[in-house]
Protein chains: 2
Amino acid sequence: MTDLMHSSPKKSSAARDRLLRVASGLFYREGIHTIGLDRVLAEAGVTRATMYRHFAGKEGLVLAYLGEEDAALRALFAEGASSAAEAADLLDVLIGGIADDISQHHTRGCPFINAAAEYPNATSPVRKLVASHRDWFRDTLEQVLVAAGAEDPAAGAASLVLLRDAALVGGYLDGVEQTKTAFERTARKVLA
Amino acid sequence: MTDLMHSSPKKSSAARDRLLRVASGLFYREGIHTIGLDRVLAEAGVTRATMYRHFAGKEGLVLAYLGEEDAALRALFAEGASSAAEAADLLDVLIGGIADDISQHHTRGCPFINAAAEYPNATSPVRKLVASHRDWFRDTLEQVLVAAGAEDPAAGAASLVLLRDAALVGGYLDGVEQTKTAFERTARKVLA
DNA sequence: AATATACCAGAACGTTCTTTCTCTTTTTGC
DNA sequence: GCAAAAAGAGAAAGAACGTTCTGGTATATT
């Protein structure tokens, strides 16, 4: 019998990794609709045929980009949860971590917010991924606040989501320094 | 002498108004790069020639759209400032006004944040307009807080900008009701 | 050594996009 | 009423887009 899955390579591949890494950087830094496939393929040194073997078109690349971003944040949380001894400390680590993030990694805003701005259809795969990411983030925050013994974990989590969104947007549009101090001050006031 | 400004019609024009109104709605609701001129012209019932007579290409339309949005908010503030008798009341009016805005008018997020997501070049005309709008907004907020007798007007204004950004984003991606209550609660806590 | 698979190379397709053009008709100002 | 400006209709240019296809080359695994 012949192999029926000839068109779906398993996982690892140098070309695939290069492609996704370059595409993620370009999509984030310059916007999704702004970037053409030509640009991605040229900078990654990958041909069209190879790309269509690994991803379901441009939208497949976009979904993989957001999926990686989602996975990275989840991994960061899993790591932070195991390292912080005290639950109360975790909140401080969290606020500081967000402040660092907007000044080092996410200097062009939130990948999910930016993507949502370009995908108006709420039922599209991209928007569904954005929605599930945000749901996970709020739920995770709520668990952290429960562990920290907050009086109203749900409300606190909602406020923190609000503030993180704002910090990412502000860091992009108003400058990092200005935003970082405003975010930390406001967050600590709200969670006091 | 012949009229030298034959190629720059002054202001009012039924076709121009229709065009800008339709374009603004489409740009906001569906994104800027997502919308083609064909769609704008068809829905506005205006021909290409007419559009290029009134605007400097698609980017001219985009700038006019954001300019109107900016003017509308400035007008709203000018009106609110004259109507509210007490400066302290003005803060309540402000918070309530933002909450109403995200549930009635701006249900697809902030026009300026969304536009910035699609325009990565900070020196582009669109981004400059976004920057000046945000500068004006923060300065205006600070003046309001000074009038209200806040202890740290600059810090309070920065926090309010943060929270308004978050409210607009959250209203779009997480639902209005959830976001509205979280915003009002957080804002009043911060400004207390 | 042979066979399958991944990758590179490049052409080509059909579509859509922005912009510009010509020609005719309508509206407007004086 | 007349002349000028504005708006409608439509074609067409020219580039960029995403997608598909064919062929050649290298790299593994059996």
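We name chains A, B, ... by the order of the sequence lines, and we start the count at 1 in each one.
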Show your reasoning for whether side-chain contact (heavy atoms from CB on, under 4.5 Å) applies to Val40(B) and Leu19(B). CA-CA 7 Å; Val40(B) 177; Leu19(B) 186 55; 3.8 Å; yes
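- Helical stems in DNA chain D, defined as runs of 3 or more consecutive Watson-Crick or G-U wobble pairs with both donor-acceptor distances under 3.5 Å, are listed by first residue as C:1-30 with D:1-30.
- Distances from the side chain of Arg53(B) to the nucleotides dA7(D), dC17(C), dG18(D) place dA7(D) closest.
- Ion pairing between Arg21(A) and Asp17(A) fails under the 4.0 Å rule for side-chain N and carboxylate O.
- Closest approach to the His54(A) side chain among dT19(C), dC7(C), dT20(D) is made by dC7(C) (side chain taken as heavy atoms from C-beta onward).
- Counting only heavy atoms from C-beta outward, the side chains of Leu37(B) and Arg48(B) never approach each other to under 4.5 Å.
- Between His106(A) and Tyr172(A), the distance from one ring center to the other does not fall under 6.0 angstrom.
- Look at NE2 on His33(B): it is 13 Å from P on dC17(C), rounded to the nearest Å.
- Looking at Arg48(A), its side chain comes within 3.5 Å of the base of dT19(D) through a donor and an acceptor atom.
- In this structure, CD of Glu30(B) is placed 16 Å from C1' of dC17(C), rounded to the nearest angstrom.
- Phosphate proximity of dG8(D) to Thr50(B): present, with a side-chain N or O under 4.0 Å from OP1 or OP2.
- Toward the 5' end of DNA chain D, the nearer of the two residues Ala49(B) and Met51(A), judged by each one's closest nucleotide, is Ala49(B).
- Relative orientation of the Phe77(B) and Phe137(B) rings is perpendicular, given thresholds of 30° and 60° on the angle between their planes.
- Side-chain atoms of Trp136(A) and Leu73(A), non-hydrogen and from C-beta on, do get closer than 4.5 Å to each other.
- Spacing between atom CG of Leu41(A) and atom P of dC8(C) amounts to 10 Å, rounded to whole angstrom units.
- Residue Tyr52(B) places its side chain closer to dT19(C) than to any other of dA7(D), dG18(D), dT19(C).
- Atom CG of Asp38(A) is separated from atom C1' of dA15(D) by 11 Å (rounded to the nearest Å).
- The residue Arg18(B) sits close only to the backbone: its heavy atoms come under 4.0 Å of sugar-phosphate atoms, none of a base.
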